Participant: 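The structure follows.
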Amino acid sequence: MVTGWATLWNTTDNAFYFIMAISVILLVGIMGTMLYFVFRYSKERNPQAENIASSVPLEILWTVIPTLIVLAMFWVGWKGFIYKRTVPAGSMQVKVVGRMWSWSFTYENGKKSSVLKLPYNKPVKLLITSQDVLHSVFIPAFRVKEDAVPGKETYLWFLPDQMGKFDVFCSEFCGAGHADMITKVEVVSEEEFKTWLQATETATAATDGKVSLPVMGERLVREKGCLACHSTDGTARVGPSFKALWGKKETVIRNGVEVQVVIDEEHIRLQLFQPEKDRVKGFPPMMPSQKGLVNDDEARAIIEYLKTQK
Ligand code: CUA
């Protein structure tokens with residue numbers, strides 16, 4: 001961790017204020033000089049124009065000073081860049097996956113979450129990738145942003161030095177649900193974080209009777225990002241709403257032909273794992289296959305959850 005004087009130029013804010021201050025000084029200086037010249041050398045006060053030859057000292061001065069200013073701005077930016085790319089040793093790692101249109105966070109112990117819960121004042125490194133198209137993790141409160149690129153792992157780090165909840169945005173246009181690709185960073189005390197991290201219910205735990213299947217399913221649709229496209233209140237989004245979906249009659253397009261189906265277990269499994277086979281009429285063909293992302297126990301929990309959505 002860099003401390004003391006070295007941190008002075010290491011924050012985005014200081015680099016911003018530094019460049020802003022120089023810009024304000026230049027703006028005021030140039031505009032002031034210009035206004036003075038307009039006044040002082042108007043036709044009235046200076047009827048006879050003078051021919052001024054070049055001045056070497058002046059030429060040197062106005063080359064050297066701007067060069068120094070630009071170098072100073074570069075130095076501030078460079079220091080900040082190095083700071084932001086150098087992850088402190090012992091940082092906690094969290095894997096981040098972006099997909100249309102939600103974020104998923106996986107912790108070192110395998111715990112998955114749809115919000116980024118973090119312990120206070122512990123540096124965190126995010127390992128970022130995308131499951132489909134370009135996204136970008138943007139956390140304005142901590143002044144960090146990094147692209148999520150399919151097939152590649154990018155990273156960023158920051159120090160969560162404020163308690164509370166802060167926005168996480170997607171800042172790369174990624175389709176119809178781009179604006180809904182929002183979640184939170186939740187900075188909590190270390191004890192609270194530890195307790196939360198240890199609570200790892202899985203679908204298997206649900207079958208052990210710890211949590212009921214519908215409750216597990218509800219958690220899963222939240223964590224897996226389903227709710228980015230499927231509402232629970234009946235509003236049609238990118239995909240059909242979960243409300244009163246179970247047992248509903250829908251028209252699907254199968255091999256280019258419209259077919260009437262009843263939404264049952266078979267249909268849901270098809271939508272989860274081979275969505276390209278049955279496209280629900282009236283919705284864009286956006287559902288990505290969850291093969292390898294949702295296991296059989298989880299599919300069962302999601303189905304039990306959907307049954308309860310009357
Ligand atoms: Cu993801 Cu925009």
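Computed from a predicted model, the values in this text were never measured in an experiment. Whatever order the structure lists them in is the order used to number ligands and atoms, beginning at 1.
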Participant: Are any side-chain N or O atoms of Asp132 and backbone N or O atoms of Met100, one a donor and one an acceptor, separated by less than 3.5 Å?
Facilitator: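 The answer is yes, because a donor-acceptor pair under 3.5 Å joins these two groups.
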Participant: What protein N, O or S atoms come within a distance below 2.8 Å of atom 2 (Cu) of ligand 1, ordered by chain and number?
Facilitator: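 The answer, once waters are left aside, is Cys170 SG, Glu172 O, Cys174 SG, His178 ND1.
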Participant: Charged N to carboxylate O below 4.0 Å: is that the case for Lys248 and Asp264?
Facilitator: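 No, no charged N to carboxylate O under 4.0 Å.
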Participant: Looking at Met181 and Arg99, what are the two nearest heavy atoms and their distance?
Facilitator: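 Shortest heavy-atom separation between Met181 and Arg99 comes out as CE-O, 3.5 Å.
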Participant: So, are Lys307 and Glu304 salt-bridged, with charged N and O less than 4.0 Å apart?
Facilitator: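 Between Glu304 and Lys307 there is a salt bridge, with a charged N closer than 4.0 Å to a carboxylate O.
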Participant: Using the side-chain contact (heavy atoms from CB on, under 4.5 Å) criterion, which residues pair with Phe37? Sequence neighbours excluded.
Facilitator: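 Counting only residues at least two positions away or on another chain, Phe37 forms a side-chain contact (heavy atoms from CB on, under 4.5 Å) with Thr33, Tyr41.
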Participant: Is any side-chain N of the basic residue among Glu298 and Lys224 closer than 4.0 Å to the acidic one's carboxylate O?
Facilitator: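 So Glu298 pairs with Lys224 through a salt bridge.
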